[in-house]
Amino acid sequence: MTAKRTQMEPKFEHQKVEQTITQKWEKADAFKTVRDPNKKPYTILLPPPNASGKMHTGNVLMIAIEDLLIRWKRMQGYSALWVPGTDHAGFETQVTYERELSKQGKSRLDFDRNTLYDSIWKFVQDNKGLIEEQIKQMGASVDWSRYTFTLDPKALEVVHNTFEKMVNEGLIYRDDYVVNYCPALGTTFADLEVNFVERKDPLYYIKYGPLTVATVRPETKLGDTALAVNPSDPRYQQYIGKEIEFEDVMGKNKLPVIADSYVDMEFGTGILKVTPAHDKNDYEIGIRHNLEIKSVIGLNGRMAENTRKYAGMKVKQAREEIVKDLQNLGLIEKIDYEYVHLVPVSYKGEKEIEPLVLPNWFVKVDSLKKPALDAVLNGDVKIFPKWREITYVRWMEEMRDWPISRQVVWGIRIPAWYNVQENPEITVTFLNKQGKVETGLISDLLKNYSFEEIESGLQNLVAPKNAKFIVSKNKPNGQYLQETDTFDTWFSSGQWPLTTLGYPESEDFKYFYPTDVLETGWEIIRLWVSRMIMFGIYMTGQPPFKNVYLHGMVRALDGRKMSKSLGNIINPDEYMEKYGVDALRMGLISGTANGKDFAFPKDKVIGYRNFTNKIWNMARFMLMMMDKYEEENNSTAIPEYEKLNKNDLTDEDRTMINGLNELIRSVDNSLEIFRFADAADAIYHYMWDELAAKCIESVKVREDKRIALSVLRHIFKECLKLLHPFMPFVTEAVWEKVSEQDNSLLALTSWPKEE
RNA sequence: GGUCGAAUAGCUCAGCUGGUUAGAGCACUGCAUUCACAUUGCAGGGGUCACAGGUUCGAAUCCUGUUUCGACCACCA
């Protein structure tokens, strides 16, 4: 024992310790959670990071906070369960994979759907080890036996069942919809996933007979089905309700002039060309005025057949040609080359969005959103920090029907099946046996190809909005093709609490649902949090969690958002290597108190690295003093604090003990209301300013070393417990030295109580 | 355009319902090293709490307005 004590190195070597402690926890299977009927459950589900991605600073903060809560509750005696998982990350992963493909000179269009899916599956399997390793490296006390991937069979099962229930209850419908389609990436994006970038484009003033219209997109004029003016615009009163005739690039043309208050009199000439098929606002005007929806741009980003001489051209090329033709016809009044406007792009990749009309799958949200809103308003779900609640409330109040279909392969395929005989209007694209792409109506293609050949080479299909379908997990008997669209990832991750806990039958679900805290970044409160609450209530009658804690975004050292283009991304690995996991976790946790965004607190990380070393040396010194005492006193051991006669304590001792009691109280109070930084700060200052600076210093000169050391050891051990959820490695490592019990794990000891 | 938030020491941030000389970490200055830790100890400097009004016995804290930043949402073709 004596020999072991003095072996402590003078420096805390975080890398070595992190490894051995991780192994120790693993070996003891310390974080496998048992459903103990005598304990209360406490549950957190890890928001699943991208399976083929790597850890970023935000993930580190997320794990630090969740691990803190879970370790705290575990020590308090709860059946504390933290379920880890990873996300298939839909189109994001597909885009990454396609980048790999293009290095080999290939693209997704060279494969049929199933082959492509299988190879992305393999790609993800090959890459997902990294993020799992990083979660372990962080010291996350998750229960790996319950690890879930968003495409696990049990996830598909839950998502299919939910979908089926919704279809049966009339909550799912198909409709045409102007979608944010990205021809380059081959899929649609939700409004939330669209960003706008500023760009300078020519603004063309084009003559429509007696009227002139300003537009940056002359090529869409081929899809115009009306001109619109503001009903109170005095300039154009005589045209409202009339039809005007005019010269156009494809010959004589005529359009009705309608009045709609959407039109801004100030912009351009105050006249709007209405193109319902290629603009969201125009689409709505079209619905209001019962206009024809004329589509002139296809899914491939090229002009459609009905544009005759422009058919097959890319949009930009068609724009140039049309401008040229208009100029030749003298139909361009002027061009404003200085016009700056905002162009929609997808939120990843910056590729341009082309609004198109496509049949889509929708969720009717009217009956779902009310209970989800009420759950927050009446406090069943509490949001921290409180001021973020308004974001949620506004969103739920204004929520519109939710388009859930995406045209990516990498995702959960919608389990709807179309009978090809009953739906001759389905447009199918497939690779035939020779590897050539064929597109056409299924009824035509079946004249030249067998159903089996089409089925096995299927790339995608577009079914009309009124197509007949049946919902089934497995292929029905007969000639059925499955919908090729996949679910929006938020449709499936919105059911994460159900999936991870094995809804509806499993014991886990019965014991752990609803969970206690959903901890995540505020930027996905709409995308994710709202959907989980909706699905949770819809399927189980109960919201999936009681509290939502939203952490702030970690900004770069320059205080700006981290981004590749600014080159200011902080790689957490470097900090873990240099200062240790504990220091990084503690630094991030105390970087912000209340969920606000904050700049990466580099100085705090360094400060807490110093703190780890301080703790290490406090232990080292205490053990040295104990060794010395025992040597001098014929191996008389220092008595347990519990066995001391409390009358022997000095005033100093009592002051320290009082301070400890206060500390325990304030740590608990702060953690209850998610004030992590306050708790961290309190422990730091008690340990450094009181325990190290006063208590240890006084032990050096105390006569009654027996009592003094016993008190010191007691307080030190209690402090290690308090600190453990924040800095698990150094505390566990020091515990190993000071606990004097074999195989005792600090992670599994009881949380301190006030005396 | 709508909404939310922020402005406190050189830097990054605390300061919860208004109450003694405004705090922390890092940075800075001076001193200390055979006594666990220089990733240390001791001592110290540094703030008209964005600005202007108001409420109050009392305001960094509450109210109003102004300025400047940040983010989110919606977008004018």
Side-chain angles (χ1 to χ4, degrees), chain A residues 6 8-14 191-192 194-196 201 203-206 213-218 220-221 224 227-228 262-275 278-282 285 339-344 385-391 393-395 398 522-523 525-526 552-553 555 557-561 578-580 583 586-587 590-625 669-670 673 675 677-678 680-682 684-685 688-689 692-693 696-697 699-701:
Chain A
T6 45
M8 280 180 82
E9 326 231 342
K11 243 183 172 181
F12 174 62
E13 311 219 17
H14 63 263
D191 288 349
L192 282 169
V194 175
N195 289 334
F196 292 84
D201 279 312
L203 181 65
Y204 303 95
Y205 285 74
I206 300 170
V213 174
T215 180
V216 286
R217 302 206 52 189
T220 62
K221 84 191 303 289
D224 290 349
L227 296 180
Y262 167 77
V263 181
D264 180 358
M265 291 189 274
E266 307 294 315
F267 187 86
T269 58
I271 304 174
L272 171 72
K273 62 192 252 333
V274 186
T275 321
H278 300 291
D279 184 286
K280 216 157 246 190
N281 294 309
D282 290 12
I285 295 174
Y339 179 61
V340 175
H341 66 143
L342 296 172
V343 180
K386 175 86 175 160
W387 55 269
R388 290 273 186 213
E389 196 180 287
I390 189 75
T391 317
V393 170
R394 288 276 157 75
W395 167 248
E398 291 163 12
W522 52 262
E523 67 275 14
I525 188 165
R526 293 178 171 86
M553 188 165 57
R555 298 225 196 89
L557 291 171
D558 57 10
R560 297 208 278 174
K561 200 168 164 169
K578 210 163 165 186
Y579 304 110
M586 188 77 160
S590 68
T592 179
N594 47 12
K596 276 189 313 204
D597 294 350
F598 60 106
F600 183 81
K602 186 182 175 189
D603 291 336
K604 287 204 165 103
V605 175
I606 295 171
Y608 285 117
R609 186 274 314 260
N610 297 351
F611 185 46
T612 54
N613 196 54
K614 185 74 184 178
I615 292 163
W616 183 260
N617 274 286
M618 284 162 72
R620 181 164 175 251
F621 186 52
M622 183 181 82
L623 295 176
M624 281 169 79
M625 287 195 291
N669 288 343
S670 298
I673 55 170
R675 301 276 304 192
D678 292 353
D681 209 49
Y684 174 87
H685 281 107
W688 203 311
D689 301 344
I696 291 185
E697 286 308 311
V699 173
K700 288 183 186 171
V701 296

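Per chain, numbering begins at 1; letters A, B, ... match sequence-line order.
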Can you tell me how far P in rG58(B) sits from the matching atom in rG19(B), rounded to whole Å? 14 Å
For R217(A), which contact category applies under a 4.0 Å heavy-atom criterion: base, sugar-phosphate, or nothing? nothing
Presence of donor-acceptor pair under 3.5 Å, side chain of E9(A) and base of rA36(B): no
Side chain of I390(A): nearest nucleotide among rA36(B), rC4(B), rC76(B)? rC4(B)
What interatomic distance, in whole Å, is found between C1' of rC49(B) and the corresponding atom of rA7(B)? 10 Å
Just wondering, more than 12 heavy atoms not from K280(A) lying within 6.0 Å of its NZ? yes
Among rA14(B), rU39(B), rA36(B), the nucleotide that comes nearest once only the side chain of R609(A) is considered: rU39(B)
Counting any heavy atom closer than 4.0 Å, what does K614(A) reach on the DNA or RNA strands: base, sugar-phosphate only, or nothing? base
To the nearest angstrom, how far is L203(A) atom CG from rC76(B) atom P? 13 Å
Under 4.0 Å between a side-chain N/O of Y684(A) and OP1 or OP2 of rA24(B), yes or no? no
Just the rounded figure in Å: distance from P of rA71(B) to CD1 of I525(A). 19 Å
Taking the side chain as every heavy atom from C-beta outward, state whether N281(A) and Y262(A) have any atom pair closer than 4.5 Å. yes
Report yes if some heavy atom in the side chain of L272(A) is under 4.5 Å from a heavy atom in the side chain of F267(A); otherwise report no. no
Reckon I606(A) touches a base, only the sugar-phosphate, or nothing at all at heavy-atom distances under 4.0 Å? nothing
Given rA36(B), rU39(B), rC72(B), identify the nucleotide with an atom nearest to the side chain of M624(A). rA36(B)
Of all the choices, rG70(B), rG15(B), rC76(B), which nucleotide is nearest to the side chain of F267(A) once you look at every atom? rC76(B)
Beyond-backbone contact of T220(A) with K273(A), side-chain heavy atoms, under 4.5 angstrom: yes
W395(A) atom CH2 is separated from rG2(B) atom C1', nearest whole Å, by 16 Å
Please test Y608(A) against Y579(A) for ring-ring contact (aromatic ring centres under 6.0 Å, His included), starting from the C-alpha separation and ending with a verdict. CA-CA 8 Å; Y608(A) 285 117; Y579(A) 304 110; over 10 Å; no
Out of rG5(B), rU40(B), rC73(B), which nucleotide sits closest to the side chain of W688(A)? rU40(B)
Sugar-phosphate only, base, or nothing, as touched by F598(A) at under 4.0 Å among non-hydrogen atoms: sugar-phosphate
NA contact type, L342(A), heavy-atom cut-off 4.0 Å: base, sugar-phosphate, or nothing? base
Distance check: side-chain N/O of K700(A) vs OP1/OP2 of rA36(B), anything under 4.0 Å? no
Mapping A693(A) and N617(A) to their closest nucleotides on RNA chain B, which lands nearer the 5' end? N617(A)
How about K700(A) and F621(A): do any of their side-chain heavy atoms sit closer than 4.5 Å? yes
Short side-chain N/O contact to rC72(B) OP1/OP2 from K561(A), under 4.0 Å: yes
Rounding to an integer number of angstrom, what distance separates rU64(B) and rG25(B) when you compare their C1' atoms? 36 Å
At 4.0 Å (heavy atoms only), tell me whether E389(A) reaches a base, stays on the sugar-phosphate, or touches nothing. nothing
Looking only at atom P, what distance separates rU61(B) and rC75(B), rounded to whole Å? 38 Å
Work out how far the C1' atom of rG53(B) is from that of rU12(B), and round it to whole angstrom. 32 Å
Base, sugar-phosphate, or nothing: which does V216(A) touch, judged by heavy atoms less than 4.0 Å apart? sugar-phosphate
Separation of rA14(B) atom P from D678(A) atom CG, nearest Å, is 10 Å
Using atom C1' of each nucleotide, how far apart are rG18(B) and rC13(B) to the nearest Å? 22 Å
Whole Å only: how far is the OH atom of Y205(A) from the C1' atom of rC76(B)? 11 Å
Where the side chain of R526(A) is defined as all heavy atoms beyond and including C-beta, which of rU39(B), rC37(B), rC73(B) is the nearest nucleotide? rC73(B)
Would you say that M8(A) contacts L623(A) through its side chain, given a criterion of any heavy-atom pair below 4.5 Å between the two side chains? yes
For a quick check of understanding: with a heavy-atom distance under 4.0 Å over all strands, which category does A599(A) fall into, base, sugar-phosphate or nothing? sugar-phosphate
Separation of atom CZ in F600(A) from atom P in rC13(B), rounded to whole Å: 12 Å
N or O in side chain of N613(A) less than 4.0 angstrom from rU40(B) OP1/OP2: no
As a test of reading the structure: which of rC4(B), rA6(B), rA36(B) is closest to the side chain of R620(A), going by heavy atoms? rA36(B)
Give one of base, sugar-phosphate or nothing for W616(A), where a contact means two heavy atoms less than 4.0 Å apart. nothing
With respect to the phosphate group of rC76(B), does any side-chain polar atom (N or O) of N281(A) fall under 4.0 Å of OP1 or OP2? yes
Between P of rU17(B) and CG of N669(A), the distance in whole Å: 17 Å
OP1 or OP2 of rA71(B) sitting under 4.0 Å from any side-chain N/O of R388(A)? no
Interatomic distance where CE belongs to M8(A) and C1' belongs to rA36(B) [whole Å]: 9 Å
Choosing from rC76(B), rU40(B), rC11(B), which nucleotide comes nearest the side chain of D603(A)? rC11(B)
How do L557(A) and R394(A) order along RNA chain B: which one's closest nucleotide is nearer the 5' end? R394(A)
Sticking with atom P, work out how far rU21(B) lies from rU66(B), rounded to a whole angstrom. 34 Å
For rC11(B), does OP1 or OP2 lie under 4.0 Å from any side-chain N or O of K604(A)? no
Within-4.5 Å side-chain heavy-atom neighbours: K221(A) and I206(A): yes
Suppose you measure atom P in rA9(B) against the same atom in rA60(B); what distance do you get, rounded to whole Å? 14 Å
Could you spell out the base pairing of RNA chain B as a dot-bracket line? Use Watson-Crick and G-U wobble contacts where both distances are under 3.5 Å, [ ] for crossing pairs, | for partners on a different strand. (((((((..((((.....[...)))).(((((.......))))).....(((((..]....))))))))))))....
